[in-house]
Amino acid sequence: MEAQSTWTMNILVRVLLYLAQSYHEYFHRTCQDYYKSREVKMPKPELYVIFTGNKGRKPDKVSLSKEFFGARI
């Protein structure tokens, strides 16, 4: 989760990095080794940004692949 008063698409990158760190900590805490061939168990992610700035200046929905890699979803 991240709180912002100024919108930037870089929030998507930061949220992705927070997610990776959270999964890393989760695997360590649950003693799962993601280098082994056995599939790890992981919770479904939920990502939130609390935006407190001007409502008209942010998109309703964002896509990491579309914004940074030009993919259409």
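With rounding to the nearest 0.5 Å, the separation of OH in Y26 from CD in Q32 is 5.5 Å. Between atom CD1 of residue I11 and atom CG of residue L47 there is a gap of 12.5 Å, rounded to the nearest 0.5 Å.
A donor atom on one side chain and an acceptor atom on the other are found under 3.5 Å apart for Y48 and E46.
Side-chain atoms of E67 never come within 3.5 Å of backbone atoms of M9 as a donor-acceptor pair (strictly under, hydrogens ignored). Checked by atom type and distance alone, the side chain of Y23 pairs as donor or acceptor with a backbone atom of P43 at under 3.5 Å.
Looking only at side-chain heavy atoms (C-beta outward), R14 and T8 come within less than 4.5 Å of each other. Residues N10 and F68 form a side-chain contact, since some pair of their non-hydrogen atoms from C-beta on lies under 4.5 Å apart. Using a 4.5 Å cut-off on side-chain heavy atoms (C-beta onward), L17 and V13 make contact.
Here the closest non-hydrogen pair linking F27 and K41 is CE2-O, 3.7 Å.
At most 12 heavy atoms of other shown residues, nucleotides or ligands fall within 6.0 angstrom of atom CD in E39.
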